[in-house]
There are 4 protein chains.
Amino acid sequence: METMIDRKPTDRRKQVLEAASRSFAAFGYKATTMDQVAKAAGVGKGTIYTFFANKEELFEQIVKDLIAELKAVAERTLDPALPFSDNLLGILQQVLAYRDRHGLVVKLSQEVKEFGTPMAKGGLEAVERSIVDYIAGHVSDAIAKGEVRRSDPALTAYMMLKMYLALTAEGDHLHEPLDAEQVLAHFRFYCLEGLAVV
Amino acid sequence: METMIDRKPTDRRKQVLEAASRSFAAFGYKATTMDQVAKAAGVGKGTIYTFFANKEELFEQIVKDLIAELKAVAERTLDPALPFSDNLLGILQQVLAYRDRHGLVVKLSQEVKEFGTPMAKGGLEAVERSIVDYIAGHVSDAIAKGEVRRSDPALTAYMMLKMYLALTAEGDHLHEPLDAEQVLAHFRFYCLEGLAVV
Amino acid sequence: METMIDRKPTDRRKQVLEAASRSFAAFGYKATTMDQVAKAAGVGKGTIYTFFANKEELFEQIVKDLIAELKAVAERTLDPALPFSDNLLGILQQVLAYRDRHGLVVKLSQEVKEFGTPMAKGGLEAVERSIVDYIAGHVSDAIAKGEVRRSDPALTAYMMLKMYLALTAEGDHLHEPLDAEQVLAHFRFYCLEGLAVV
Amino acid sequence: METMIDRKPTDRRKQVLEAASRSFAAFGYKATTMDQVAKAAGVGKGTIYTFFANKEELFEQIVKDLIAELKAVAERTLDPALPFSDNLLGILQQVLAYRDRHGLVVKLSQEVKEFGTPMAKGGLEAVERSIVDYIAGHVSDAIAKGEVRRSDPALTAYMMLKMYLALTAEGDHLHEPLDAEQVLAHFRFYCLEGLAVV
DNA sequence: AATGAATGAGTCTTCATTCAT
DNA sequence: AATGAATGAAGACTCATTCAT
């Protein structure tokens with residue numbers, strides 16, 4: 001009688017993660033209820049708690065997975081033979097392909113300082129810090145190679161992330177959603193070239 | 001004997017606004033409880049409701065005040081005789097002076113997309129939209145005068161705001177807090193000049 | 001400078017009683033707020049508390065006054081020379097003239113069992129009991145004189161009150177509001193004559 | 001070991017309805033707190049909300065059930081072959097059998113006009129209107145058949161209900177509680193025969 | 001004496017978490 | 001192992017009452 005549905009047992013964990021990911025992205029952390037997640041995942045509410053001790057842990061797992069995935073994408077794309085800006089834009093291009101899947105989560109993690117005490121203050125910044133550290137390493141190299149102007153690599157990496165997030169943000173209706181190509185072009189314009197007339 | 005406390009009776013509304021402002025900035029909208037605000041303001045819970053019909057209205061008032069204040073600062077500082085970048089940096093400089101008072105709120109309003117149905121959908125974006133519109137107008141002028149490179153004024157204004165907020169953000173411990181002078185210098189560097197070696 | 005309003009100081013207590021009376025009748029006990037009463041009476045909220053220790057006491061006073069007023073009306077109208085049914089209808093006629101002023105309160109006192117523990121359980125029934133006792137006395141006499149059929153005077157009095165209240169009730173939209181004359185006619189029909197075909 | 005408690009899981013909804021019914025009858029709508037109901041029903045407060053969206057809906061359900069039950073009783077008892085007064089008294093007799101179970105609720109619905117805006121204005125009168133309409137239909141027939149004196153059927157039905165409620169009321173300690181037989185006898189006396197000596 | 005701003009106990013309602021099945 | 005009915009702590013909001021002016 002289980003044959004009718006016939007899901008491999010290990011499916012359930014992934015289903016939960018994906019449903020939760022979508023919910024967090026769409027409604028935010030607090031506004032997402034465990035009922036919602038269970039319903040969306042097509043599992044019982046109790047099932048979630050067999051995988052994750054609580055809501056917070058579920059959220060953290062999503063964030064952790066995201067970091068790993070982003071790193072993997074970056075590593076896969078990076079070509080040491082190419083100049084920094086090519087690599088940077090190349091990676092952005094790859095990441096943008098995933099935008100539908102986790103772009104919103106990136107945005108969420110950026111936007112949500114919205115957490116009670118339980119959700120450890122800096123906990124969320126794990127994502128950003130991890131990304132920034134990663135980029136900063138490459139910025140350092142690029143500076144050393146004279147490929148970009150001299151600057152604080154950490155701060156520059158941070159500004160890059162913010163600009164990327166600003167351009168890809170779909171939530172605020174402050175600007176039209178940009179397609180991948182536009183994001184790349186504008187990123188190059190604002191981040192690399194600058195506004196000043198030469 | 002009253003001299004120790006000695007608050008003008010009309011203080012209370014302001015006390016509430018300031019305590020709420022701090023709380024919203026520190027914990028976000030949802031995570032801020034009215035009890036908290038009352039305690040922080042040193043007033044009874046009911047007192048808040050004599051001034052504001054509900055939590056949402058309290059929040060909106062803070063946002064509204066902020067917009068007004070920012071506009072006032074900008075108008076006061078703007079000198080049509082000066083070139084765009086000077087005005088831009090001048091205004092930033094002025095606004096930065098207020099950072100302690102409401103910088104956090106700016107950040108909050110940017111970060112909190114975290115609202116259920118009650119908090120009118122785009123309602124919060126009022127702040128950003130208002131600021132962006134304002135800047136966009138001046139960007140337009142600057143482009144017309146050839147003071148900056150040709151670009152979509154709205155998008156450029158939006159990116160400027162995001163960069164400014166990124167640099168002044170104190171919440172994320174992703175970079176050391178910068179003092180006013182540093183913010184200005186970095187803003188010039190990242191926003192106007194760009195990273196690319198010339 | 002007080003001359004502009006120029007109310008005799010003793011006015012205030014009566015103003016409060018009347019405003020409260022109207023409010024209780026219109027909205028019920030719980031749904032009537034002290035703010036409402038104060039506003040309607042044109043006095044400060046605190047003023048109410050100089051006359052009445054609390055909301056309950058205010059209500060009780062209204063009830064007490066009402067009883068007294070009803071008794072006075074009855075006494076004034078009663079003519080021992082007339083037969084019972086004439087007196088009964090005569091008194092009803094008098095009381096009906098006051099309907100605008102306190103008819104609603106009578107109804108309220110009947111309808112509102114709606115009281116927390118504070119409002120002593122049977123406390124409200126004071127009105128009804130007082131009225132019933134009064135009528136019962138006269139029913140007794142009437143029975144003794146053979147003017148009405150033999151019955152339990154208390155129960156008959158009680159039923160009379162209920163019928164009267166049912167006919168004068170304006171709150172339920174179960175029947176069209178009846179004018180004084182109609183009330184009298186119907187009271188005679190239902191209470192004295194009965195439905196049965198003879 | 002479970003035998004002592006041994007409740008079928010589905011019991012809970014009914015437990016809540018019954019506890020609420022008792023509480024509403026005893027204390028009224030406003031004075032009944034959800035905590036009280038939960039405690040009285042022996043369930044958690046949240047449990048109530050799994051069955052009823054809110055307090056108002058809980059109340060409405062009780063009222064609705066009551067109407068349905070009363071109608072069912074009436075239909076079951078009605079015998080078109082019998083004269084009106086027999087049917088009327090027969091139905092009363094049946095309804096009286098229910099008195100112990102929810103007679104108080106009937107009374108409540110009659111007494112509580114005590115509702116702010118939330119509780120839909122005439123919403124509560126649904127019970128009475130429903131009952132009155134039902135009786136009125138039968139009164140019409142009875143008049144047509146010459147079984148009772150000519151009168152406005154709606155008003156007569158309304159008066160009958162009020163008299164019935166007055167006689168069965170247990171809340172007011174204005175008269176001794178009557179047993180079923182007494183209620184019937186008195187109803188016949190006051191409603192059908194009238195007080196006047198023939 | 002009169003006021004009304006201030007108060008906080010008490011309400012309804014939500015939702016993360018548990019546990020019997 | 002999976003479930004979802006049950007729970008109660010916590011939050012927004014109301015309003016009778018107090019008290020400084």
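Order of the sequence lines fixes the chain letters, A, B, ..., with proteins taken first and strands second; residue numbering starts at 1 for each chain. Everything quoted here is computed from the prediction, not taken from an experiment.
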To the nearest angstrom, how far is B:N54 atom CG from E:dC12 atom P? 20 Å
For a quick check of understanding: with a heavy-atom distance under 4.0 Å over all strands, which category does B:T47 fall into, base, sugar-phosphate or nothing? base
When both hydrogen-bonding distances must be under 3.5 Å and the geometry is Watson-Crick or G-U wobble, what is F:dA1 paired with, if anything? none
Round to a whole Å and report the spacing from CD of A:Q36 to C1' of E:dT14. 13 Å
Picking from F:dT17, F:dA6, E:dA2, which would you name as closest to the side chain of C:F51? E:dA2
Any idea which of F:dA9, E:dA6, F:dA6 is nearest the B:T50 side chain? E:dA6
B:M34 has its side chain closest, among F:dT17, F:dA12, E:dT17, to F:dA12
Any sub-3.5 Å donor-acceptor pair from D:K55's side-chain atoms to D:T32's backbone N or O? yes
Without decimals, in angstroms, what is the distance between D:E56 CD and E:dT13 C1'? 14 Å
Counting side-chain heavy atoms from C-beta on, which of E:dT13, E:dA16, E:dG8 comes nearest to A:K55? E:dA16
In whole angstrom, what separates A:D35's CG from E:dT18's C1'? 14 Å
Nearest to the side chain of D:Y49, heavy atoms from C-beta on, is which of E:dT13, E:dT17, F:dT7? E:dT13
Please tell me which of A:T33 and C:G44 maps to the more 5' nucleotide of DNA chain E, matching each residue to the nucleotide holding its nearest heavy atom. C:G44
Look through every strand shown and name the nucleotide pairing with F:dC13 as Watson-Crick or G-U wobble, where both distances are under 3.5 Å. E:dG10
Tell me the interatomic distance from B:L58, atom CG, to F:dG11, atom P, rounded to whole angstroms. 16 Å
Whole Å only: how far is the CZ atom of A:F59 from the P atom of E:dA16? 14 Å
OP1, OP2 of F:dA2 versus side-chain N and O of A:R13: anything below 4.0 Å? no
Do side-chain atoms of C:K39 reach the backbone of C:G44 as a donor and acceptor pair under 3.5 angstrom? no
Distance in angstrom units between D:I48 CD1 and F:dG8 C1', rounded: 12 Å
So do the side chains of B:F51 and B:Q61 get within less than 4.5 Å of each other, counting heavy atoms only? no
Rounded to the nearest 0.5 Å, what separation is found between the CG atom of C:L17 and the CZ atom of C:F24? 10.0 Å
Of the listed nucleotides (F:dG11, E:dG4, E:dT17), which one gets closest to any side-chain atom of C:K45? E:dG4
Is there a donor-acceptor pair closer than 3.5 Å between any side-chain N or O of B:E57 and the backbone N or O of B:F52? no
Nearest whole Å is fine: how far is E:dA6 C1' from B:D11 CG? 14 Å
Within the structure, does a side-chain N or O atom of A:R12 lie under 4.0 Å from either OP1 or OP2 of F:dA1? no
